[in-house]
Amino acid sequence: MLRRTHTCGELREFHVGQTVTLNGWVNSYRDHGNLIFIDLRDRFGLTQLVFDPDNGILADMMAQADKLRNEDVIGVEGRVRVRIGGENPKLETGKVELVVTKLEIFNKTDNPPFLPDDLTKLPNEELRLTHRYIDLRRPKMQQILQTRSRALMTTREFFHSNGFLEVETPVLYKSTPEGAREFLVPCRNVPGTFYALPQSPQLFKQILMVSGADRYMQICRCFRDEDPRADRQPEFTQIDLEMSFVRREHVMEMMESFVRSFWKSMCGYDVPTIQRMTYRDAMETYGIDRPDTRYDLRTTDLSDLAARTDFKVFKDALAKGADRPRFNSKRGVVKAMRVPGGADKLTRKITDGYSDFVKTFGAGGVAVTKYIKNDKGELALDTGVAKFLEPLKADLVAALGLEPGDTVLFVADAYSVATKAIGELRQQVARDMGLIPKPGAEGGGGGPWNFLWVIDFPMFERNKDTGKWVAMHHPFTAPRDDQRDQFVNADVDDEVAIESIVSAGYDIVLNGSEIAGGSVRIHDKAVQSKVFQLLGLTPEQAKEKFSFLLEALSFGAPPHAGIAFGFDRLIMHLCGTDNIRDVIAFPKTQIGADLMTKAPSQATDAQLKDLHIKSTWEPPAKA
RNA sequence: GGGGCGGUAGCUCAAUUGGUUAGAGUACCGGACUGUCGAUCCGGUGGUUGCGGGUUCGAGUCCCGUCCGCCUCGCCA
């Protein structure tokens, strides 16, 4: 076999005169009859090969070369020379070419369904996923795989050099059916029982703290059987970690150091001190718990002002009940957003579309007005709901800091609905106004990079359907240290008191995307009991579900805290893509299928019998 | 579970109001060509219009169902 001495991205002018061997795929061929050019590709680049009869090439090799087609796999030996036809500045190796003297065809390809080419339009994703091995040959995909590999390396380096112990935890795990739906694995040895695949190694990493691991990290696979999205897969990767003898500040400090070292190493960017925002500020000002702070659009609660208008939509919304008593003790809300310069850019057609847009989040619509000069040349409110607001113009201008040419958008509803709707609307407006920087604009990769800590989350929120309290993060999240006594002593029926308790949780948000989330954990039995009580778990139920953790906590648990990063999302940001499938070598579709291997597939009766299970599924009757 | 978009040659797309033999580029096959570099030029093969029904003299086009892919709401402690 002609084994390579160099890669296809390697040859330069100083190799001229050397005899070298290359291996790779035929990326393109240009056949001039008695002169054939081949661009040979591997992961490292492209090199031009020449089959040139003037250089003593044998006729039968010329005939073989004549048949070479895209994606054939070959080995060639030859002499490096300066290109006779002049440099190709598009290629790293563009100053030289390889005059082939030996050719070995390792594998002729069937005509491929598509070519791994970044220049032409990509075929549809279904085809790319079915023939993933071809799609992955594309230079862009190779680059992503490389970035991902480097990121794994730099992550491990950081944590290993900071005293973290890398420990693997089980994939076959105990089912704890709170939170996300789990994948179940039937157990052959104990009929009728099942393992679950972990949503995260949460409980194991806490146990590891009790075990004296002191600092743990793992780059681990997590599984959640929920419908995927552009940035979600049923199977995904986390950088998971936990630390002993720390409080919130220590974890945040360590993570800031990690993020700084990671971005420095990945794209040479110096992450500045990460600003902090409370959950409440995030919700009030941005309508979302992961604000994109790359642009300065803000939302404002104008309920008091709106109550003074005669606009029925506002009045009705305000009359709605309070669904978040901590934030609004009496009523629904009217939220407003000032859009600087919106009067010109946000056309009637666009703002009409906003009403449909917010309807998808349960809101009734968007009220619009503009602050512009009227016929008399005076600054006035114009169009939409102007007539209701005109009497309050001065107050509105003051409250929002309106400037001429601004548009104001209003969403009125119960707190949760209005907040969510205007938060989503804010992002849509940012897109329409062109406020979102293009990836790579600054700071390398997908920059600019706007990092943000979001802290002081509520411990609990009401489940919309059942009305029961649920843990906002998970049931092992501790209250913020200064809230511990207040929490333990709180009356479980005092809704306002319970919702006011703030947790010691923290998220890292990057450009409007949650890249990490964690918390200080409960290591104190009184606190843990109170949490279970609030969640409606009896001590018996709690014991049944989490006995191993509770037992562990009772045998000498250090104070501990941790966090987990969504690794795939980090890579998405670094690569400036908004599709998580692009940063996963073998991703799944929206129904969790792997189009290449055709998973999932049916099990045989014998397999099912072994596992003591029976499928209730039957093929639909034919009409 | 709901909403939206899409599925036509190997691939990317086109096809007027429902109307002749479903076209183009590219890939592939054959031919020409000694300096190209997304080579060029000439010729050719290639179609269950996702699948199943229905309406119609006639369906890629309209209707119903279904499958697949993408976006999204719900969901994602």
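A quick note: this is a predicted structure, and the numbers were derived from the prediction, not measured. A, B, ... follow the sequence lines: proteins, then strands. Residue 1 opens every chain.
- Interface remark: the A:Arg128 side chain does not form any donor-acceptor pair with the B:rC11 base, using a distance-only criterion of under 3.5 Å.
- Protein atom CG of A:Asp110 is 20 Å distant from nucleotide atom P of B:rG46, rounded to whole Å.
- A:Phe546 has its ring centre less than 6.0 Å from the ring centre of A:Phe532.
- In the interface, the side chain of A:Asp54 is paired with the base of B:rU34 through a donor and an acceptor atom under 3.5 Å apart.
- Defined by atom type and a distance below 3.5 Å, a donor-acceptor pair is missing between the side-chain atoms of A:Glu424 and A:Gln428.
- Ring centers of A:Tyr506 and A:Phe457: at least 6.0 Å apart, outside the cut-off.
- The base of B:rG35 sits with one of its N or O atoms less than 3.5 Å from a complementary donor or acceptor on the side chain of A:Arg81.
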Discussion item. At under 4.0 Å between heavy atoms, how does the protein contact nucleotides 36-41 of chain B? Give one character per nucleotide, 5' to 3', with B, S or -.
Written reply: BBBB--
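- Remark: B:rU40 base-pairs with B:rA32; criterion is Watson-Crick or G-U wobble with both hydrogen-bond distances under 3.5 Å.
- Within the shown strands, nothing qualifies as a pairing partner of B:rU16 under the Watson-Crick or G-U definition with both distances less than 3.5 Å.
- Pairing of B:rG25, defined by two Watson-Crick or G-U wobble distances under 3.5 Å, is identified with B:rC11.
- Base pairing analysis places B:rG65 opposite B:rC51; the two distances defining the Watson-Crick or G-U wobble pair are each below 3.5 Å.
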Distance-only criterion, 3.5 Å: show the donor-acceptor pairs between side-chain atoms of residues 586-595 of chain A and protein atoms not counting sequence neighbours.
{"residue": "A:Lys588", "atom": "NZ", "partner": "A:Glu235", "partner atom": "OE1", "Å": "2.9"}
{"residue": "A:Thr589", "atom": "OG1", "partner": "A:Ile591", "partner atom": "N", "Å": "3.4"}
{"residue": "A:Thr589", "atom": "OG1", "partner": "A:Ala593", "partner atom": "N", "Å": "3.4"}
{"residue": "A:Asp594", "atom": "OD1", "partner": "A:Met596", "partner atom": "N", "Å": "2.8"}
{"residue": "A:Asp594", "atom": "OD1", "partner": "A:Thr597", "partner atom": "N", "Å": "3.3"}
{"residue": "A:Asp594", "atom": "OD2", "partner": "A:Thr597", "partner atom": "OG1", "Å": "3.1"}

